[in-house]
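Shown next, in structure tokens, is the structure this report addresses.
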Amino acid sequence: MNDLRVRWITFALLAGVGLYGVSHLEFTNSIKSFIPAAGELGDLSLELVDSPLARRMAISIGGGEKRTSVATALAESLRSHPEVAWVESGFDEDALRGIYELYFARRVYLISEKPEAEIPALLEPAALERRAAGLRRSLAQPDSMLVARTAPEDPLGLFQRIVDRIRDAHPALSSGSGSFESASGEHAIVLLGLRSSPFDSEHQAPLLDYLDSEFARLNAEAGGQMVLESSGINRVSVASERSIRGDTNFISAVSVSVVCALFLLIFHSLRHLAIAILTPLSGFAVAMAVALSGDNPVHGITLGFGFVLIGVAIDYPIHLMNHHALSPPGTLPRETVAQIRSSLLLSALTTTLAFVALALSDFPGLQAMGTFAAIGIAVALAVTLFSIPAFMSPSAVPTPAQHALAHGFARLVGWLGARDGLAVALFAACALIAAVGVPQLHWEDDPSTLIVGDPALIAESERVRARIADFDSGRFVVGLAPNAEAALVLNDQIHDQLAQAIAAGDLEGTSSLHTFLWSQALQRRNLEALRSVPDLAGRIDRIFVQSGFQSGAFRGFSAAVAAPSVAPLRAEDFAGTALERSVDSLVELEGRWAVVTYLRGVRSGDAIRRALAGLERARYIDQKEIVAGVYQGYRHSMVRVLALGCVIVFVVLQLRYRNLRAALLAFATAGLAALATYGAFGIFGVSVNVVSTVSLLLVLGMGVDYGIFTVDGARTSDRLGATLSSILVSCLTSVFVFGTLALSEQPALRAVGLTTGTGILFALVLSPAVFVMARRIRVRE
Amino acid sequence: MRRARSSLVALLPILWVICGGDSLASDASGSAPTELEALMQRFASSGGVRARFRESRHLSILTDPIETTGMLYFAPPDRLARHTTWPGRSSVVIDAERVLLGDETGQRVFDLHSSEVARALVGNLMIVFRGDLEALRARYSIAFDSNAESWTLDLEPRSRALRSVIERVHFAGKGGNLTEMETREPNGDRTIMELSEIEVGLSWGQPELDRIFSVDPPDTTP
């Protein structure tokens, strides 16, 4: 196949996969991608992260008297947005009527959580006398009409007990104005539900933009004094995505610029640059197309990580073009390829294997990164071997920079070779750094630190949550049961035992379905307890008559106890009422039922676990605690993977060289560089995490490349300068690319950049020493 | 909001009395208005009002009526306060779109925006303030009767929502004086209010207005 055809095929394939990638581009930034499978609790936790419970936003509007009307108008406006599933800004008259109708007829079922003890006490003569006097006082109030109307059927005030219970559980949303208000009364509150996942930025970003623009319009109409604040996973998610997008743009721009500058400096040719850039572009485009061909969107961090391919994969054309330029005149590009093919193949193989090890990780996010990079490197190698020679000019002339670098390195190696101890000292220095620093390493096992949110946004979210006395995100108790009724029975018990934790000061409060709905069993026990009171009607009648009530005035109540007009309350009864969302915490998960109780102000997880003692199917979930535990375990696993990667790479090297010392030297660059990197982090107090450990695989992969080229170069004396100058250019490109990653706002990308950049610098420093020692071995042989 | 609505219902007859208080009291020595239009014109010209009230609530579940006494205040165009002083202390204040309730258990605020019925009640009362007979007829069936000495005015809500709260409001007066006012609810309960010591055409300074129209009732009559 002639070169022209190769060029056209290369362009066509690149254009095809590039177009596919652009047209299918969809990415996410969900933390779920970084949470590995973690057993029942972890799975449950993950399911709830993306359940309808998490699909909500709270909006707070303050700034003056018009806040309520602005909130009401905003709620109305949001109601029509396609991404909004529901909006609540208060209970209007219809909503209140709905609540009345839901509960009044069922008042005889919802009296007490301990009916056998409390209901008889409620009907003791002294208690009834107090109640009768209280009812009489209520009837003298100017707003007694409802009491007067309901008293004949509810002399004990059972309906009011239910209302008080709901009000106590949700004080911030129970203002008398009918509109939701903050606890201080200074902010109007709007709650809304989302149709899509809060991590789905494609849908969330337009909604947030719409919210901002609608508020701006309404605020202008209201005089411009209103202030809107909000909380919601979607806000953090969209902001993170914008940050990642900005970082990605920045990193890619800087990476490309630096690589371009280096190319111009070394090769003095834009053509060389254009040819070389084909390699990483092809690798990136194909890896992206493969990633997008699946069902899941690409994670933003995977995409950012993919840009490091520019730094890694451009090494191959650098080696090729540098070697070709420094080859004897008349050497054809494909001849140069033939000369270094084995080195290229071996280095690409070891790097790909390092990324394959990453792809075997338990982390979905890391799997994606590893797969992306492994595919990218393999494609880059193929392009380097088959396409790039077709673009290169047959006769290349080295530039003065290439000459200078090649001669400079030759002199450096000569100088080092003459000083036996210096090369060994370099190895020893790196080993010392590793020995001193690695024991001091601080491991960060909190995965949430891998994705950073805007501090101002987080503070705003906390303010809003405080205004509505919102629950702690990520801490809850889940009751699991085979059916809904069993889940509600369990929830009754959970509520009872958590109430004791609240009384003991281990917990500030809960947000529980129990406020609104009890199990049918408990409801029936209430009715039975009421019915078991001897002469209930006569007892009430006698005592109330003494307080001025008509005899027989409460026949309606007796009738309701004898034959309630409705069955006990069920979750289905909430459909279409203002309290419909209250039963969202009862969810069916893969054939079983979970009921979630959110917690506020947990003093200690152990105290909550103690509080739940005896409830086998109740689980306390602290997502942070669970995932941190999983990450800690995974960190050890990752170290094992790293060790396995080292073994695989070393075995490959041994197979290639069939010489233990040569294999060890080729491996030494990577191994010592990785260890010295963590040693330096330990000494300088830089925390490391799973991503840092994964990044050591990059150091391993690229460091081994340098080791291979160095050892191979040492075997052929005529390639000394070309090899080491190629390594220098490769190192510099990689260091600058990873250096820009270290500037990222995203801790995960920063960790990759810092670890890899430092590791490659160590590898660069070690390469001449390896060359000297490899040559010494060669000479002895 | 039911409580707010109930409060407004309780205040409805009071508002009627106060609205007409100026006219009725100022014309105490004259004859009763023989036409509804004349009565409405008098309502429209009411000023600041203060009156002592005595209320009897006849509830079907009680053997005896509940008696309360206190003071009523009205400041045009849209402020009204009812301060009960016996047997216990409580207050209801309507200030434009807000209703405030206060008693020994605390204070509560209601926004009229969220209740169609409450909004309708207050809106209807504003119609009376304006003397807008046409709008009043649109909302109520009106029966007005008078002779040389007395008059009666009966209102029946046309809207079903309002009718579920108030069946009928009955006013009776002699000459220019209101002698009886009765609110009847659909369940048969009745509230009868008598007013005395009516003062009209009053105007208060801002500190006095703030004190009167708050749920911390004035200890002494301003």
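Values below: all heavy atoms of this structure, side chains included; hydrogens, waters and symmetry mates excluded. Within every chain, numbering begins at 1; the chains are lettered A, B, ... in the order of the sequence lines, protein sequences first and strands thereafter.
In this structure, CD1 in I61(B) is found 9.0 Å from CZ in F544(A), a value given to the nearest 0.5 Å. The line from CZ of R149(A) to CG of D189(B) is 8.5 Å long, rounded to the nearest 0.5 Å.
Side-chain atoms of T63(B) do not come within 3.5 Å of backbone N or O of Q550(A) as any donor-acceptor pair.
No more than 12 heavy atoms of other residues, nucleotides or ligands lie within 6.0 Å of CD in E65(A), so this atom counts as exposed by the packing criterion. For CZ of R555(A), the number of neighbouring non-hydrogen atoms (other residues, nucleotides, ligands) closer than 6.0 Å is 12 at most. In E67(B), the CD atom is crowded: over 12 heavy atoms of neighbouring residues, nucleotides or ligands sit closer than 6.0 Å.
Pairs passing the salt bridge (Lys or Arg N to Asp or Glu O under 4.0 Å) check and including a residue from residues 158-168 of chain B, sequence neighbours excluded, read D154(B)-R168(B).
Both the backbone and the side chain of L62(B) come within less than 4.5 Å of a heavy atom of chain A.
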